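What follows is a single structure, written as structure tokens, with notes after it.
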Amino acid sequence: MFRAGGMSVIDLLQGLVKEALAGAVKAGEVVLAEIPEPRLERPRDPAHGDWATNVAMQTAKAARMAPRAVAEIVARRIAGHPDIASVEVAGAGFINIRLSAHALQRVLREARERGTDFGRLDIGAGRRIQVEFVSANPVGPMHVGHGRWAALGDSMARVLAHAGWSVQREFYVNDRGVQMDVFAKSVAARYLELCGRDVEFPEEGYRGAYITEIAREILADEGEEWADAEPSAREEHFREKAYAQVLAHLQHVLHGMGVDFDIWFSERTLHIPAEDGGPSAVERALARLKDAGHLYEHEGALWFRSTAFGDDKDRVLKKADGSYTYFAADIAYHADKYDRGFDRVIDIWGADHHGYVKRMEAAVAALGHEGKLTVVIGQLVNLFRGGEVVRMSKRTGEMVTFEDLLDEVGPDAARYFFLRRSTDQALDFDIALAKEQSSDNPVYYVQYAHARICAILRKAAGADTADTSVDIAATAAALMRDDAPLHLLDSEPELALMRKLTEFPDVVEVAARQLAPNKLTRYAEDLAASFHQFYTQCRVVDPDDIELTAARLYAVDATRIALATVLGLVGVSAPDRM
RNA sequence: GCCCUCGUAGCUCAGUGGAUAGAGCGUCUGCCUCCGGAGCAGAAGGCCACAGGUUCGAAUCCUGUCGAGGGCACCA
């Protein structure tokens, strides 16, 4: 693991510990065939130091020594380094390390100098990764779960990019199949009703009011000419009109939350013949599996032997009637992804699709890309309003859509709440809380810290603290002194703030590796808390102490940059004023 | 019935095999002559669902039981 740009604190410590252990081995104090990569962590209890490593426990067995004995040897070799204030051996063999104020102060320069690149890593090494998410059927409005998956996918994409991957966002459009037909029939039925015709609404049709809206628009645009048209022609025409309208709507709503896709991939294109008239993508994918010996025929259908790759049962790809299953198209779709050169593919699916994971992994393995697909299961969202469950009826189509929610709580609160829970947890979303502008609402807590910093900067620049016309970046740049005496920052709240800032690159790494954007919101709240504590105890702008003011302004601005950066990864705005 | 995910403070949830298991909300008590009180400090609150196992060490890994949600089509 290495990081673009400067060396982070954790890298420094890891290097120190490893060097110390290697030195001990070389000197014959410890006998080890292999030096492990030491793991550093922030202890929960501050009495255990700033950082701790359990490397002595990891190696004690192989070295045939007591863990504490190994720890003592390593500790002795680290002590005395200018970045280390103290080293202690504790407990079963932990090595507790306290950083010198000097080492902590360096993170402020790192943040200031790197700006929005603070915490940027190179663990992706420029490799290409695709995140496919939302992929809602273009037959109606998105539900709230789609909104959560949109926030998840987009934030994952952001944090992966920050970790050095080359990221593409993709939306798979299921624009063929039974649902599209039902959709078309539903619109046609409403249209005929509007024309005063006596029609029976399809039993399994979509009953949402939006269907009538679409029908009404077609009627306004094209009149009643379709009422007497041949039914199949009418349905095909309506399907395309309605599809285009819904797709545009999906794009509009997602854009409203700051989620924009690079590619909208049409399922239909997988079924049309190649440009040279050759076989379709689906046919090519099946041929590939067939050549590799993974297909067989049974009872008139063509099957994929997915059980050979860990699936529960084999799956049909081509039905007895000659048509392809959805799964066949999905295999072709994934084959296409890898053909496009992605080193890794992430699919975010709703919890209702988790039964589909094994077969998809089996297919990807059969195509020769084992291990390059990660399916993330996004759990659903339960809506509450002031503690009361918001009831929805699928039958009547009455529901609170994602768009409704976005209109009511706004994109910042929506995204922040969607990301606060781990991905595999069902989410209880309280609309009343998300709208509340108080400390009960974590998104405001974090944004308030940022706005508060901006107010301090305005104050320091001699402007009114509430003057919105002040350009914060320019103000900060003008105020900061490269020679600010950072060594004055040695009180506990100041040190705590700097310690928290040193964690940021690590948070980015963990969030990217675990595909866990909820680590970002948690960190944002921790950092905001550290700042608020600092603010309460440390007066920043003090005309009687120019030097301390310069140093604290430097720390405050480093915090502003870190807050803005982490909020950027979450996809939430960092307001100058609230 | 089989498969997947989840059971952690009154509530909502963090917790990458490590030390006395954490946060927010809620409850109770304090803090504004001072840069934004949308803030800060403190108190109370736990058999990490249960039972075994793995090891120096388990909320975390394995097995079983109980409970919650979801999935089990030649649908998409």
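In this text, all values refer to a predicted model and were calculated from it rather than measured experimentally. Chain A is the first sequence line, chain B the second, and so forth, proteins listed ahead of strands; every chain is numbered from 1.
Applying the salt bridge (charged side-chain N to carboxylate O under 4.0 Å, His left out) definition to pairs two or more places apart or across chains, none involves residues 443-466 of chain A.
Contact record, A/Met180 with A/Pro138: SD-CG, 4.1 Å, taken as the closest heavy-atom pair. Closest non-hydrogen pair, A/Ala60 versus A/Val70, comes out as CA-CG2, 4.3 Å. Heavy-atom minimum distance, A/Lys358 versus A/Gly310: CD-O, 3.6 Å.
Under 3.5 Å, the side chains of A/Asp542 and A/Thr549 contain no donor-acceptor pair of N or O atoms.
Classification of the A/His298-A/Tyr296 ring pair by plane angle, with boundaries at 30° and 60°, yields tilted. Taking the six-membered ring where the residue is Trp, A/Phe304 and A/His294 present perpendicular rings, their angle passing 60° and hence far from 30°.
In this structure, the ring of A/Phe265 has its center less than 6.0 angstrom from the ring center of A/Tyr333. Between A/His532 and A/Tyr445, the gap from one ring centroid to the other is short of 6.0 Å.
Residue-to-nucleotide proximity on RNA chain B shows that, of A/Asp542 and A/Asn518, the 5′-proximal contact is made by A/Asn518.
In this view, A/Tyr243 satisfies the ring-ring contact (aromatic ring centres under 6.0 Å, His included) rule with no residue, not counting sequence neighbours. Partners of A/Arg481 under the salt bridge (charged side-chain N to carboxylate O under 4.0 Å, His left out) rule, at least two apart in sequence or in another chain, are A/Asp483, A/Glu547. With sequence neighbours left out, A/Lys318 forms a salt bridge (charged side-chain N to carboxylate O under 4.0 Å, His left out) with no residue at all. For A/His146, the ring-ring contact (aromatic ring centres under 6.0 Å, His included) partners at least two apart in sequence or on another chain are A/His143, A/Trp149. Legend: residues meeting salt bridge (charged side-chain N to carboxylate O under 4.0 Å, His left out) with A/Lys435, ordered by chain and number and at least two apart, are A/Glu408. Considering only residues two or more places apart in sequence or on other chains, A/Arg539 meets the salt bridge (charged side-chain N to carboxylate O under 4.0 Å, His left out) condition with none of them.
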Distances under 3.5 Å between nitrogen or oxygen atoms of protein and nucleotides 19-23 of chain B:
residue : atom : partner : partner atom : Å
B/A19   : N6   : A/Asn96 : OD1          : 2.9
B/A19   : N1   : A/Asn96 : OD1          : 3.0
B/A19   : N1   : A/Asn96 : ND2          : 3.1

Between the protein and nucleotides 41-43 of chain B, list every N/O to N/O distance that falls short of 3.5 Å.
residue : atom : partner  : partner atom : Å
B/A41   : OP1  : A/Gln533 : NE2          : 3.2

Set out, line by line, the N/O atom pairs under 3.5 Å between protein and nucleotides 5-9 of chain B.
residue : atom : partner  : partner atom : Å
B/U5    : O2'  : A/Asp424 : O            : 3.4
B/C6    : OP1  : A/Asp424 : OD2          : 3.3
B/C6    : O3'  : A/Gln425 : NE2          : 3.4

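Atom pair A/Phe417:CZ and B/C13:P shows a separation of 12 Å (rounding to whole Å applied). Atom pair A/Glu503:CD and B/G15:C1' shows a separation of 14 Å (rounding to whole Å applied). Whole-Å rounding puts the A/Trp349 CH2 to B/C4 P distance at 16 Å. At whole-Å resolution of the value, OH in A/Tyr535 and C1' in B/C40 are 11 Å apart. In this structure, A/Phe531 atom CZ and B/C35 atom P are separated by 14 Å, rounded to whole Å. Between A/Asp467 atom CG and B/G36 atom C1' there is a gap of 14 Å when expressed in whole angstrom units. The interatomic distance linking A/Asp412 (CG) with B/A38 (C1') rounds to 15 Å, in whole Å. Atoms CD1 (A/Ile453) and P (B/G39) sit 15 Å apart, rounded to a whole Å.
Residue A/Lys61 has its side chain nearest to B/U55 when only B/U55, B/C3, B/G39 are considered. The listed nucleotides are B/A14, B/G36, B/C35; the one nearest the side chain of A/Arg421 is B/A14.
Distance noted for atom C1' between B/A58 and B/G18: 9 Å (whole Å). Annotation: B/G64 and B/U54 have their C1' atoms spaced 15 Å apart (nearest Å). Across B/C13 and B/G7, the matching P atoms stand 10 Å from one another, rounded to whole Å.
Because its glycosidic torsion is within 90° of 0, B/C32 is reported here as syn.
Remark: A/Thr465 is not in phosphate contact with B/C35, judged by side-chain N or O atoms under 4.0 Å from OP1 or OP2.
At the heavy-atom level, A/Met57 lies under 4.0 Å from base atoms of the strands shown. Looking at heavy-atom distances under 4.0 Å, A/Ser323 makes no contact with the nucleic acid at all. In this structure, A/Cys538 reaches the bases: a heavy-atom distance under 4.0 Å links it to at least one base atom across the strands shown. At a threshold of 4.0 angstrom between heavy atoms, the contacts of A/Ala466 with the nucleic acid are absent.
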Exercise. Do nucleotides 71-76 of chain B as a string where each nucleotide becomes B, S or -: B if the base has a protein heavy atom under 4.0 Å, S if just the sugar-phosphate does, - if no protein is that close.
Key: S-SBSB
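A/Tyr416 has its side chain within reach of A/Thr521: a pair of non-hydrogen atoms, C-beta onward, lies under 4.5 Å apart.
The main-chain N or O of A/Ala362 is never found under 3.5 Å from a side-chain atom of A/Asp311 such that the two would form a donor-acceptor pair. Distance alone, capped at 3.5 Å, is enough to place a donor-acceptor pair between the A/Thr269 side chain and the A/Ser266 backbone.
RNA chain B contains the following stems of three or more consecutive Watson-Crick or G-U pairs, with both distances under 3.5 Å: B:1-7 with B:66-72, B:10-13 with B:22-25, B:27-31 with B:39-43, B:49-53 with B:61-65.
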